[in-house]
Amino acid sequence: PKLLLSTLLIPSSTHTHATSSSSPHAPPIVIPILDFDLLSVCLMTMEDPDIKKCRLSSVTVDDVIEQVMPYITDPKDRDSASLVCRRWFEIDSETREHVTMALCYTSTPDRLSRRFPNLRSIKLKGKPRAAMFNLIPENWGGFVTPWVNEVASSLPRLKSVHFRRMIVSDLDLDVLAKARLDELEALKLDKCSGFSTDGLFSIVKHCRKMKTLLMEESSFVEKDGNWLHELALHNTSLEVLNFYMTEFAKINAKDLESIARNCRSLVSVKIGDFEMLELVGFFKAATNLEEFCGGSFNEEIGRPEKYMNLTFPPKLCCLGLSYMGPNEMPILFPFAAQIRKLDLIYALLATEDHCTLIQKCPNLEVLETRNVIGDRGLEVLGQCCKKLKRLRIERGEDEQGMEDEEGLVSQRGLVALAQGCQELEYMAVYVSDITNESLESIGTYLKNLCDFRLVLLDQEERITDLPLDNGVRSLLIGCKKLRRFAFYLRQGGLTDVGLSYIGQYSPNVRWMLLGYVGESDEGLMEFSRGCPKLQKLEMRGCCFSERAIAAAVLKIPSLRYLWVQGYRASTTGQDLRLMSRPYWNIELIPARKVPEVNQLGEVREMEHPAHILAYYSLAGERTDCPPTVKVLREA
Amino acid sequence: MSKVTTELDFFGLEKKQTNNAPNKPKFKKLLDRRRSFREIQGAISKMDPEIIKSLLATGANPSETSTRSLSVPSTPKEDHQRILISPVHAPLTRPSTELVSGTVPMTIFYNGTVSVFQVSPNKAEDIMKVAMETSPKKDKSMEKHLSVIPPTTLRTKLFGQNIDGDLPIARRKSLQRFLEKRKER
């Protein structure tokens with residue numbers, strides 16, 4: 001114990017942990033291991049009266065924990081620390097720098113600011129994840145207004161704001177801008193909607209030390225390009241500029257170029273569709289650029305080499321060029337060996353092109369593409385990209401003739417991938433065919449996998465090997481680090497036994513998306529006996545009854561969020577009340593008919609089955625629901 | 001108008017089904033009457049708009065009167081599913097359509113649900129042609145694999161969205177937009 005104590009208190013000349021500029025104290029001590037058990041042992045030792053009498057006796061337990069707490073950044077550890085005693089709770093409250101709220105309706109703005117008055121950074125999420133798939137009404141909720149007002153009034157140290165899938169107005173942006181001014185360093189409007197370029201202008205005008213400005217996939221009204229011009233005029237701190245997957249049309253290339261010239265720390269730029277040839281000046285100026293996504297290629301017959309002279313910044317290693325085809329691909333070859341991240345989701349490459357390009361990128365760590373990569377592309381990946389950590393394979397066009405015939409992923413590709421890329425930590429894939437054996441391979445080889453998502457596409461009538469009971473069991477047993485898991489199949493894809501395996505063999509999984517799994521309520525009940533750490537459950541296309549869902553929820557101890565679409569509703573619609581309990585909000589989005597424009601340009605009414613959304617909340621029932629959302633009130 | 005009921009063995013299962021075939025239309029009529037109107041409405045709203053458009057946009061042609069029907073077992077649990085189309089009387093209530101003289105009510109049984117349409121015999125033939133087109137291409141393969149799962153291509157072509165609460169796999173917004181933009185280029 002004495003040895004531990006001295007390690008704790010004696011200043012070390014070599015700081016093994018870099019202190020951030022935001023740390024409240026220049027630390028005289030260094031904690032070699034941020035291990036909570038070690039900490040508690042040290043502090044228990046300090047209670048020993050003999051030790052208190054030594055020359056360090058003027059130091060109290062409280063002093064120690066005040067020094068130590070800022071180094072504890074993991075929210076789970078902070079959660080545990082805050083429960084030790086009142087003093088520790090207070091110190092955690094005073095020193096907590098970041099909070100992520102997985103759902104903004106789980107608490108209230110004033111609770112947040114009262115508990116953590118010195119927050120530097122917040123991340124709030126609003127709409128359910130299904131909103132990214134057009135399943136949630138646009139006006140569902142997740143309004144930032146009350147949060148922005150709280151920031152303005154009660155969070156004086158806030159520097160970084162991240163809103164994800166929320167509704168943001170120009171007024172909200174104006175309030176935020178004027179409240180934080182130059183102190184606001186980061187604003188991320190991530191898949192948000194409801195604002196216009198006026199709001200952006202206000203932010204840029206008042207917050208002139210912005211380092212990160214992100215609007216990826218947000219939808220807004222574009223009135224002009226003044227906000228970017230303002231950024232070009234007055235900002236020299238920008239590091240990250242992201243308006244990827246947005247529809248800005250009034251952007252001026254000259255402004256981009258100015259920003260690149262003025263902001264020497266600019267490392268990441270992601271833009272919408274923009275002719276690549278107009279970005280030549282920008283690329284020349286952005287000498288420290290490491291990441292670029294967006295742009296646009298427009299091939300001209302008679303000028304096939306018009307893009308061949310494009311030069312890129314020397315440190316560029318993360319890239320995603322929209323509409324890049326096989327003719328433009330060679331512009332990457334000169335620096336392909338240094339590419340670490342590649343986004344081909346919005347490229348126009350066939351299977352063969354994928355093979356050609358991937359072969360040249362031995363240092364690839366992150367790849368995102370559509371299933372046009374094919375099994376052959378995955379084989380090449382397995383052979384050439386041994387450092388691959390993250391792979392996302394999205395679903396390409398269903399229509400025949402639009403994608404490469406080879407452009408389908410099956411068990412063949414999965415096995416090659418598993419054997420070849422054993423560093424994989426994240427894997428999301430849309431497959432057209434699957435076998436138990438391929439899932440077993442994943443369990444055998446991908447020991448670092450933390451996040452696995454598989455969707456079985458519905459194009460093929462016959463799947464080689466269903467149900468996937470044994471395969472999924474092997475996968476879950478083998479991938480011990482798995483924390484996020486999605487399994488989206490079809491009728492017959494997984495039996496009740498298979499579903500029970502998922503519950504039984506997922507000791508560390510926090511989030512699950514299950515689609516078309518199981519055969520009956522029995523399966524769900526068995527499943528719910530497992531999942532010891534499951535916090536968030538999403539289900540779609542279930543054969544389960546309302547009653548079974550409610551019963552299952554009550555059996556999963558750590559469950560704090562449930563989303564379901566497609567289930568067997570009860571005749572009264574009241575079976576959900578079986579899961580009524582304090583602090584548990586239950587909401588329904590009843591079945592709707594939504595007019596949608598189909599491929600022929602006609603307006604048709606599409607049926608949207610009902611959703612269930614349930615979550616723990618300290619805020620009570622929602623009071624800001626649109627007509628499409630029904631709160632299941634206490635009976 | 002004479003009503004001729006012919007059965008086309010869609011999946012090459014005729015040998016097994018012939019005995020049951022003559023009884024089916026009666027049984028199906030009974031089933032049909034029991035179905036609620038609303039379900040039919042719901043079923044109609046799920047039809048592929050292309051099909052509806054081609055069926056109902058033009059007027060009826062009273063010249064031909066024969067209808068053909070395909071015999072299908074309609075219980076979802078069975079592995080093979082086909083479409084039963086038989087003449088049944090039921091009014092169509094879609095506001096955009098009229099009960100045109102010379103049209104024959106056409107009932108489509110699929111996957112345990114029922115839809116009824118007032119169509120001209122010509123259009124009825126068109127529908128059945130479409131249904132047959134979307135059947136598996138090789139009859140030989142069908143004979144070997146009798147436990148085939150109902151073709152999704154058929155499902156989606158005729159019905160757009162699956163009936164019976166089936167949800168099509170939703171696509172990410174960002175990807176949807178990209179694929180649409182790509183088509184326009």
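Per chain, numbering begins at 1; letters A, B, ... match sequence-line order.
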Original post:
Are more than 12 heavy atoms from other residues, nucleotides or ligands located less than 6.0 Å from atom NZ of Lys188(A)?
Top reply: no
**OP:** Report yes if some heavy atom in the side chain of Tyr244(A) is under 4.5 Å from a heavy atom in the side chain of Ser174(B); otherwise report no.
**Re:** no
**OP:** Calculate, to the nearest 0.5 Å, the distance between atoms CG and CZ belonging to Leu179(B) and Arg370(A) respectively.
**Re:** 6.5 Å
**OP:** Under 4.5 Å heavy-atom distance to chain B, tell me which part of Leu135(A) shows up: side chain, backbone, both or neither.
**Re:** side chain
**OP:** Check each atom of Tyr488(A) against the heavy atoms of chain B and say whether the ones under 4.5 Å are side chain, backbone, both or neither.
**Re:** side chain
Subject >> Pairs of heavy atoms under 4.5 Å with chain B: top-ranked of Glu217(A), Lys191(A), Arg568(A) >> reply: Glu217(A)
Subject >> Distance-minimising heavy-atom pair for Leu348(A) and Phe178(B) >> reply: CD2-CZ, 4.0 Å
Subject >> Side-chain donor/acceptor of Tyr516(A) to backbone N/O of Leu167(B), under 3.5 Å >> reply: yes
Original post:
What are the two closest heavy atoms between Ser296(A) and Arg185(B), and how far apart are they?
Top reply: OG-NH1, 3.7 Å
**OP:** Decide whether a cation-pi geometry holds between Arg182(B) and Tyr323(A); the criteria are a distance under 6.0 Å from NZ or CZ to the six-membered ring centre and an angle within 45° of the ring axis.
**Re:** no
**OP:** Kindly compute the distance separating CZ (Arg171(B)) from OH (Tyr430(A)), expressed to the nearest 0.5 Å.
**Re:** 8.5 Å
Subject >> When Gln565(A), Glu394(A), Arg540(A) are compared by non-hydrogen pairs under 4.5 Å with chain B, the top option >> reply: Arg540(A)
Original post:
Would you say the side chain of Met245(A) lies within less than 4.5 Å of the side chain of Lys173(B), judging by non-hydrogen atoms?
Top reply: no
Original post:
Is Arg395(A) reaching over with its side chain to a backbone N or O of Ile169(B), donor-acceptor style, under 3.5 angstrom?
Top reply: yes
Original post:
Is it the side chain or the backbone of Ala130(A) that comes within 4.5 Å of chain B heavy atoms, both, or neither?
Top reply: neither
